[in-house]
Undergrad: 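Next up is a structure, given as structure tokens.
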Amino acid sequence: MSSDIDNIFTKAASGRSLVKNRQALTIDYVPERLPFRDEETKALAQVLSTIFKGARPSNLLLFGKPGTGKTAAARSVVDRLAKKASELETDVTVLFINAKIAGGSAYKVIFEIAEELGINKEREKQVHFTGLSMGEATDRVLNFIQRKKLNLVLVIDEIDSLVDRSGDDILYNFTRANQRMKGGFITLIGISNSLTFKDKLDPRVRSSLSEEELVFNPYTVDQLRQILQERAKLSFNEGAISEAAVNLCAAIAGREHGDARKAIDLLRVAAELAEREGITKVDEKHVRDSEDRIERDAPFVALKNAPAHHKLVILAIIKSTNGTTGKVYDIYLSFCKQTEQKPLTQRRMTQIINELDLLGIVSTDIVNQGRYGRSQKIRVMIPLTTIEEALKDDIDLTSLID
DNA sequence: ACTCCACAGGAATAACCGGGCG
DNA sequence: CGCCCGGTTATTCCTGTGGAGT
């Protein structure tokens, strides 16, 4: 027992020589120079530079698929802006909010902004975690900005998740605030993964939010390779990773749509796997395992932590073998009876199936059976063993499978 | 050409929860 | 404490629909 634990430590210690800078392999890491994004960062800097002429820069929208360097570009430019501003003693406040991490709710975004601005250190008119109406919270933030005459550059990452779930009201209030405020201004930089994001906006918000816009195109496989090589040089020790392994990461990530984030994830997990094995060089095999691992992990975790009814639905789908909604629902009902649970409605179950679809756990096909109606054929997309493994802690559920 | 199945999936609304406020 | 507020989950009610059968 204790020798096992000893073993883990020994392996970890011997694997330590693999990676010299783990930080450079995380998603948050922003490299000194962004390869292949010179044009974009320049354009971004150009727009923001008006701040040094004492005027409000245009609002800005950044588009592009995941892992195309939007966030990194915004971060790097905005950081340098803040640095320059303090050198020149120009008053600029920079805020970086991730709407998705904030929970996608408008109120939490406001709260986050308030927190970062330090409003809650004031004696009055604080913005609390909950308890205020949206309007009041927004007013307090805007008043604070006006009172302090802040020149605020507000970057909202994953802005589409905010609008999806809470509508564009806050964006409206923030973009409109500039006309209302005497002293101080807000420049909004929105970052969106979705290219159709603009369509969801109210026309008034759309025109003021996207005074300027910037589209980030996916990296090519070749560009990915160079990015990875650079990153690998930063994070791995000399000779700790084969060139073939790096190239494979680039190739895998490029297969989809040039997602640099995915490429770097692959690299990091591959390194972790090699370390765990106590091997001193990361090669292609580790990258392939890493791809497997990443693909397997997400659904597994989602499944394990899913609410009881989601699990029942999955089991019902398995038992129905390519069944349609109605069939799955019948089985689900019988499962509920067996486990003495109050069943949910069919409407809710289809919602749950859609959620599972989004997670990639199941896949649905609409089928028309003419006279016999129209339904969805539901298939399970992950191996049965994974599901069994994920659900093995639910004793009362395992008895349902046979 | 028309019908009508077996649902899909949107909209409104209710039920419940956790946490701050007075 | 009870109340308010916003979030999440679930229900209720609803309109829409592709094509096999007639």
Side-chain angles (χ1 to χ4, degrees), chain A residues 97-115 119-141 144 156 158-174 196 199-200 202 302-317 319-337 339-359 361-379:
Chain A
I97 306 275
N98 185 317
K100 203 165 198 174
I101 289 174
S105 96
Y107 191 88
K108 276 179 189 145
V109 170
I110 293 275
F111 171 73
E112 198 80 2
I113 292 169
E115 189 83 341
I119 294 181
N120 294 345
K121 295 198 189 85
E122 300 273 301
R123 202 168 316 148
E124 285 179 44
K125 299 271 186 181
Q126 299 189 346
V127 177
H128 291 104
F129 179 60
T130 173
L132 285 177
S133 75
M134 268 307 296
E136 180 61 21
T138 325
D139 276 358
R140 287 187 184 186
V141 170
F144 179 84
I156 303 183
E158 316 224 33
I159 197 169
D160 37 337
S161 78
L162 174 66
V163 173
D164 277 352
R165 299 184 51 185
S166 324
D168 48 16
D169 291 13
I170 9 166
L171 297 183
Y172 178 64
N173 284 329
F174 269 89
T196 56
D199 305 337
K200 287 183 248 167
D202 181 302
L303 219 55
K304 205 177 169 77
N305 303 327
H309 282 285
H310 291 225
K311 293 175 179 172
L312 285 171
V313 170
I314 289 168
L315 292 176
I317 293 168
K319 186 156 185 197
S320 78
T321 48
N322 277 1
T324 56
T325 307
K327 203 169 165 199
V328 171
Y329 189 62
D330 286 344
I331 298 170
Y332 163 77
L333 284 179
S334 80
F335 281 174
C336 282
K337 204 164 203 175
T339 53
E340 288 170 342
Q341 300 246 9
K342 192 183 162 214
L344 302 174
T345 53
Q346 182 167 327
R347 177 72 188 87
R348 176 60 186 149
M349 193 194 72
T350 60
Q351 265 179 37
I352 289 173
I353 290 172
N354 281 334
E355 286 165 28
L356 294 173
D357 189 0
L358 235 58
L359 289 167
I361 294 171
V362 302
S363 148
T364 59
D365 286 313
I366 306 141
V367 288
N368 293 298
Q369 295 162 307
R371 175 101 277 229
Y372 304 103
R374 161 172 222 256
S375 179
Q376 281 188 124
K377 207 176 234 172
I378 306 143
R379 279 172 302 149

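What you are looking at is a predicted structure, and each value in this text was computed from that prediction instead of being measured. All chains are named by letter (A, B, ...) in the order of the sequence lines, taking the proteins before the strands, and each is independently numbered beginning at 1.
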Undergrad: What integer distance in Å separates A:Leu344:CG from C:dT11:C1'?
TA: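 Interatomic distance, CG of A:Leu344 to C1' of C:dT11: 10 Å.
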Undergrad: So, taking the atom named OG1 in A:Thr350 and the one named CD in A:Glu355, what distance separates them when rounded to the nearest 0.5 Å?
TA: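 Going from OG1 on A:Thr350 over to CD on A:Glu355, the span is 10.0 Å.
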Undergrad: Using the side-chain contact (heavy atoms from CB on, under 4.5 Å) criterion, which residues pair with A:Ile352? Sequence neighbours excluded.
TA: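 Partners of A:Ile352 under the side-chain contact (heavy atoms from CB on, under 4.5 Å) test: A:His310, A:Val313, A:Leu344, A:Arg348, A:Leu356.
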Undergrad: Check the interface with nucleotides 13-15 of chain B: list each N/O to N/O pair with the protein under 3.5 Å, or write none.
TA:
none

Undergrad: Quick check for you: to the nearest 0.5 Å, what is the distance between A:Ile353 atom CD1 and A:Leu358 atom CG?
TA: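 Rounded to the nearest 0.5 Å, the CD1-CG separation comes out at 13.5 Å.
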Undergrad: Below the 4.0 Å mark, does B:dA8 have OP1 or OP2 next to a side-chain nitrogen or oxygen of A:Gln376?
TA: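 So the side chain of A:Gln376 is within the cut-off, an N or O lying under 4.0 Å from OP1 or OP2 of B:dA8.
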Undergrad: Kindly give the atom pairs (protein nitrogen or oxygen, nucleotide nitrogen or oxygen) under 3.5 Å for nucleotides 15-17 of chain C.
TA:
none

Undergrad: Provide the full list of salt bridge (charged side-chain N to carboxylate O under 4.0 Å, His left out) pairs with a residue in residues 321-335 of chain A, sequence neighbours left out, each pair given once.
TA: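 Listed once each, the pairs would be none.
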Undergrad: Could you list the residues that satisfy side-chain contact (heavy atoms from CB on, under 4.5 Å) with A:Arg379, not counting sequence neighbours?
TA: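 Listed in chain order: A:Asn322, A:Ser363, A:Asp365.
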Undergrad: Under 4.5 Å between any side-chain heavy atoms of A:His309 and A:Cys336, yes or no?
TA: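 Result yes, sub-4.5 Å side-chain heavy-atom pair found.
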Undergrad: Looking at DNA chain B, which of residues 345-354 of chain A put a heavy atom within less than 4.0 Å of it?
TA: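 Of all residues in residues 345-354 of chain A, the ones placing a heavy atom under 4.0 Å from DNA chain B are A:Gln346, A:Arg347, A:Thr350, A:Asn354.
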Undergrad: Residues two or more places apart in sequence or in another chain: which of them pass side-chain contact (heavy atoms from CB on, under 4.5 Å) with A:Asp357?
TA: A:Val362, A:Thr364
Undergrad: With rounding to the nearest 0.5 Å, note down the distance linking CD in A:Gln341 to CG in A:Leu333.
TA: 12.5 Å
Undergrad: For A:Arg371 and C:dG18, what is the distance between atoms CZ and C1' respectively, to the nearest whole Å?
TA: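 Computing the A:Arg371:CZ to C:dG18:C1' distance gives 13 Å.
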Undergrad: May I ask you to check whether over 12 heavy atoms, not counting those of A:Lys304, lie within 6.0 Å of atom NZ?
TA: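 Correct, the count exceeds 12.
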Undergrad: If I take atom CG from residue A:Leu303 and atom CG from residue A:Leu359, how far apart are they, to the nearest 0.5 angstrom?
TA: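 A:Leu303 CG to A:Leu359 CG: 9.0 Å, rounded to 0.5 Å.
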Undergrad: Can you measure A:Lys377 atom NZ to C:dG18 atom C1' for me and round it to whole angstrom units?
TA: 16 Å
Undergrad: Over how many whole Å does the gap from A:Tyr372 atom OH to B:dC5 atom P extend?
TA: 11 Å
Undergrad: Looking at residues 321-330 of chain A, who's got a heavy atom less than 4.0 Å off DNA chain C?
TA: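 Of all residues in residues 321-330 of chain A, none places a heavy atom under 4.0 Å from DNA chain C.
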Undergrad: Would you name the heavy atoms of A:Ala316 and A:Phe335 that are closest together and state the gap between them?
TA: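 Looks like N-CE1, 3.6 Å.
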Undergrad: Who passes side-chain contact (heavy atoms from CB on, under 4.5 Å) against A:Ser375, sequence neighbours left out?
TA: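 Testing A:Ser375 for side-chain contact (heavy atoms from CB on, under 4.5 Å), a comparison that skips the adjacent residues, returns A:Thr324, A:Thr325.
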